[in-house]
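To start, the structure itself, in structure tokens.
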Amino acid sequence: MRVVLMGPPGAGKGTQAEKLVEKFGMVHLSSGDIFRAEKASGSELGQKLAAIMETGALVPDDVVVEMMAKAIVAVEGSGLLLDGFPRTVAQGEALDETLTKMDAPLDAVVIIAADDDEIVGRITGRRSCPSTGKIYHVEYMPPKVEGIDDETGESLVQRDDDKEDVVRQRLEAYKKQTQPVIDYYRETGKVKIVEVDGMQSPDSVFADIAAALEAGEN
Ligand code: ADP
Ligand code: ADP
């Protein structure tokens, strides 16, 4: 199965990706995670990416497309869960080209919707495990012991860009640059579009997504 997961920052893409991978076993490729790993490597490219990400603006398409195409080709033959990519129409077109070359078309585009106010509350309370990336929320999905990952015992961390002013910028970028990607997929008419209400509990959101994806399997 090859699926694109879309939705504004904080809608719950990463949270649902964990559950989808567990159930369907596809490879999860998060552009944000790939960029943060590059940043953590301390490379020159990583420093450039970090400077952009801190402002809430999007990384330029040519950089994104090159890094994501490489990641996708590297897992050729596996199921694919793309999270956070594509985020512009140009990225969507480039993805189509890559997948066409691999003879591996998308099965579905899943869009998780959530209100702006809810998003800000979710993002400012988001914490994650520095090594596994497991996602928590200080209030909605707290770890068993405050500030500590349930499995590894490590201290949870907050992302540099998960501050309210940056979140507002990211929301703007989503509305201006990423929402047109949904229209792009609608216009091509080649892929199933699944719209899910992200304002429910994580388990209910997951049940909706899983049911829609399973309905598409023959
Ligand atoms: P969230 O899941 O909260 O929306 P991400 O981890 O997906 O956040 O993205 C964090 C930042 O990484 C974005 O604000 C942007 O700067 C950069 N980024 C991630 N994916 C893309 C992309 N496909 N195109 C451009 N920039 C991206
Ligand atoms: P995204 O990848 O879309 O940016 P995340 O999955 O990281 O979003 O979720 C953002 C924050 O909201 C996290 O702290 C997560 O624990 C929390 N969260 C995710 N889904 C829900 C939900 N359905 N209800 C309440 N909180 C949620």
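Remember, it's 1-based here, ligands and their atoms both numbered in the order they're listed.
The option from Q177, M53, Q91 that lies nearest to atom 12 (O) of ligand 1, judged by heavy atoms, is M53. The nearest non-hydrogen atom to atom 25 (C) of ligand 1, considering only V59, D161, L95, comes from V59.
The nearest protein atom to atom 11 (C) of ligand 2, hydrogens excluded, is given as R122 O, 3.6 Å; this is a heavy-atom distance. Protein heavy atom at the shortest distance from atom 26 (N) of ligand 2 is Y140 CD1, 3.5 Å. What sits closest to atom 7 (O) of ligand 2 on the protein, heavy atoms only, is R126 NH1, 2.5 Å. Closest to atom 15 (C) of ligand 2 among all protein heavy atoms lies M141 CE, 3.5 Å. Considering only non-hydrogen protein atoms, atom 6 (O) of ligand 2 sits nearest to T15 OG1, 2.6 Å. Among all protein heavy atoms, the one lying closest to atom 8 (O) of ligand 2 is G12 N, 3.2 Å. In this structure, atom 27 (C) of ligand 1 lies nearest to the protein heavy atom F35 CE1, 3.6 Å. Looking from atom 14 (O) of ligand 2 to the surrounding protein, the closest heavy atom is Y136 O, 2.7 Å. The protein atom (non-hydrogen) at minimum distance from atom 13 (C) of ligand 1 is R87 NH2, 3.9 Å. Protein heavy atom nearest atom 3 (O) of ligand 1, with residue, atom name and distance: R170 NH2, 2.6 Å. Protein heavy atom at the shortest distance from atom 2 (O) of ligand 1 is K13 NZ, 3.5 Å.
Listed here is the closest heavy atom pair of I135 and E18: N-OE2, 3.3 Å. Residue T178 comes nearest to R87 through the heavy atom pair OG1-O, 2.8 Å, listed as atom of the first residue, atom of the second, then distance. I148 approaches P143 most closely through the heavy-atom pair O-CB, 3.1 Å. When all heavy atoms are compared, the tightest approach of P9 to Y174 is CD-CB, 4.1 Å.
Within ligand 1, the atoms closer than 4.0 Å to a non-hydrogen atom of S31 are 19 (C), 20 (N), 21 (C), 23 (N), numbered from 1 in the order shown. If you number the atoms of ligand 2 from 1 as listed, the ones under 4.0 Å from a heavy atom of G10 come out as 1 (P), 3 (O), 4 (O), 8 (O), 10 (C). For ligand 2, the atoms sitting less than 4.0 Å from at least one non-hydrogen atom of S201 are 23 (N), numbered in the order shown with element in parentheses. Every atom of ligand 2 with a heavy atom of G14 under 4.0 Å away is listed here by number and element: 1 (P), 2 (O), 6 (O).
Look at I135 and you'll find a heavy atom under 4.0 Å from some atom of ligand 2. Remark: distances from the non-hydrogen atoms of R159 to ligand 1 include one below 4.0 Å. Within the structure, the closest approach of V64 to ligand 1 falls below 4.0 Å when heavy atoms are considered. The closest approach between any non-hydrogen atom of P202 and ligand 2 is below 4.0 Å. Heavy-atom distances between R36 and ligand 1 reach below 4.0 Å in at least one pair. Heavy-atom distances between Q200 and ligand 2 reach below 4.0 Å in at least one pair.
Residue G84 has at least one N or O atom closer than 3.5 Å to an N or O atom of ligand 1. Polar contact check, A11 against ligand 2: a nitrogen or oxygen pair lies under 3.5 Å apart. The N/O atoms of G125, backbone and side chain alike, include none that comes under 3.5 Å of an N/O atom in ligand 2.
The pair K19-D203 meets the salt-bridge criterion, since a charged nitrogen lies less than 4.0 angstrom from a carboxylate oxygen. The existence of a salt bridge linking K70 and E66 is excluded, since no basic side-chain nitrogen approaches an acidic carboxylate oxygen closer than 4.0 Å.
Residue-level proximity to ligand 1 for A57 is carried by the backbone, the only part with a heavy atom below 4.0 angstrom. Contact annotation: for Y174 versus ligand 1, there are no heavy atoms closer than 4.0 Å. The proximity of A17 to ligand 2, defined as any non-hydrogen pair under 4.0 Å, does not occur for either the backbone or the side chain.
M102 and L82 end up in the same hydrophobic cluster when Ile, Leu, Val, Met, Phe, Trp and Tyr side chains are linked at under 4.5 Å. F85 and L171 sit in two unconnected hydrophobic clusters of ILVMFWY residues. Membership requires side-chain heavy atoms under 4.5 Å apart, directly or through other members. I34 is connected to V63 through a chain of hydrophobic side-chain contacts under 4.5 Å among Ile, Leu, Val, Met, Phe, Trp and Tyr, so both are in one cluster. M1 is not connected to I72 by any chain of hydrophobic side-chain contacts under 4.5 Å among Ile, Leu, Val, Met, Phe, Trp and Tyr, and they are in different clusters.
No cation-pi contact links K39 to F35, judged by a cut-off of 6.0 Å to the six-membered ring centre and 45° from its axis.
Residue pairs that meet the side-chain hydrogen bond (donor to acceptor under 3.5 Å, both in side chains) test with at least one member in residues 100-117, sequence neighbours left out, are D116-K175.
From D165, atom CG reaches atom CZ of R170 across 11.0 Å, with rounding to the nearest 0.5 Å. Atom CZ of R2 sits about 7.5 Å away from atom CG of L106, to the nearest 0.5 Å.
Annotation: side chain of D160 is not in contact with side chain of V166 (no heavy-atom distance under 4.5 Å).
With respect to V65, the side-chain contact (heavy atoms from CB on, under 4.5 Å) criterion is satisfied by exactly one of Q91, E93, E97: Q91.
Hydrophobic side-chain contacts under 4.5 Å tie V157 to no other Ile, Leu, Val, Met, Phe, Trp or Tyr residue.
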